[in-house]
Amino acid sequence: MAKSFELQMKEFENMTAEKSELLFKKVCFDLSNSIIANVPIDSGRAKGSFFPDIDKVSNEVNAIDDVDKSGSKSNSRVANTTNRLKVGSSFTLTSNLDYILGLEYGKSKQSPKGFVGLNIMRFQQFVNEANKIK
């Protein structure tokens, strides 16, 4: 039987500050990496165009010749940023690539259903997995 929202919130309040912070970091990390993994690969610019930040939206843009077909550069930036997260801060993942919205909304045959929205729908899964941390 599903727990009530009120019960879930009470359980969340009872978590230690450390566990809350670990949960927050892991959800941001896993969600971001899943988004990046689902970005279609052509030139590699799209996968490499993601910049995370804390308490603000990044305005960074990758160079035209900066290719990252594996997404490892974006994933590394995510890891470095999520390691600095604290409970109470906000986390953003931004791509300032001029054609990223087209890719999200079906322009790519490799990813016709997008990558951000699909992963946001899985948010609760990311929370559940992160909550298994001991």
So, Ser74 side chain and Lys47 main chain: donor-acceptor pair closer than 3.5 Å or not?
yes
Between Thr82 and Cys28, is there a donor-acceptor pair closer than 3.5 Å when you use the side chain of the first and the backbone of the second?
no
Compute whether any side-chain donor of one residue and acceptor of the other, for Asn119 and Asn38, lie under 3.5 angstrom apart.
yes
Audit row: Val67, Asn62, side-chain contact (heavy atoms from CB on, under 4.5 Å) steps and yes/no
CA-CA 9 Å; Val67 182; Asn62 61 329; over 6 Å; no
Quick check: does any side chain N or O of Ser76 sit under 3.5 Å from a backbone N or O of Lys73, one acting as donor and the other as acceptor?
no
Other residues, nucleotides, ligands: >12 heavy atoms within 6.0 Å of Gln124 CD
yes
Distance-only donor-acceptor check, side chains Ser90 and Asp55, under 3.5 Å:
yes
When clusters are formed by joining ILVMFWY residues with side-chain heavy atoms under 4.5 Å apart, either directly or through shared neighbours, do Ile36 and Ile41 land in the same one?
no
Are Leu101 and Val61 in one and the same hydrophobic cluster, where Ile, Leu, Val, Met, Phe, Trp and Tyr link if side-chain heavy atoms are under 4.5 Å apart?
no
Going only through I, L, V, M, F, W and Y residues with side-chain contacts under 4.5 Å, is there a path from Val87 to Phe126?
no
Indicate the atoms forming the closest heavy-atom contact of Leu103 with Ala46, along with that distance.
CD1-CB, 3.7 Å
Sub-4.5 Å side-chain heavy-atom contact between Leu23 and Ser20
no
Are Phe51 and Phe91 co-members of a hydrophobic cluster defined by side-chain heavy atoms under 4.5 Å apart?
no
Just how far is it from atom CE of Met121 to atom NZ of Lys113, taken to the nearest 0.5 Å?
8.5 Å
Tell me yes or no: between the side chains of Asn80 and Arg77, is some donor less than 3.5 Å from an acceptor?
no
Counting distance only, does the side-chain N/O of Asp53 pair as donor-acceptor with the main-chain N or O of Val57 below 3.5 Å?
no
Looking at CG of Leu31 and CZ of Arg122, how far apart are the two atoms once the value is rounded to the nearest 0.5 Å?
8.5 Å
What pair of heavy atoms forms the shortest contact from Tyr99 to Ser43, and how long is it?
OH-OG, 4.0 Å
side-chain contact (heavy atoms from CB on, under 4.5 Å) evaluation trace for Phe24 with Ser89:
CA-CA 10 Å; Phe24 180 44; Ser89 57; 3.8 Å; yes
Steps toward side-chain contact (heavy atoms from CB on, under 4.5 Å) verdict (Arg45, Leu97):
CA-CA 8 Å; Arg45 284 189 64 218; Leu97 194 62; 3.1 Å; yes
For the backbone of Ser108 and the side chain of Ser111, can you confirm whether one donor and one acceptor N or O come within less than 3.5 Å of each other?
no
Could you tell me if the side chain of Thr94 sits less than 4.5 Å from the side chain of Asn96, heavy atoms only?
yes
Using modelled atom types and a 3.5 Å cut-off, is there a donor and acceptor pairing between side-chain atoms of Ser34 and backbone atoms of Asp30?
no
Close side-chain approach of Ile54 and Leu85, heavy atoms under 4.5 Å
yes
Do Ile120 and Val39 share a hydrophobic cluster (ILVMFWY, side-chain heavy atoms under 4.5 Å, transitive)?
yes
Heavy-atom side-chain contact between Phe115 and Ile100 under 4.5 Å:
yes
Give a yes or no on whether the backbone of Asn83 and the side-chain of Lys25 come within a donor-acceptor separation of less than 3.5 Å.
yes
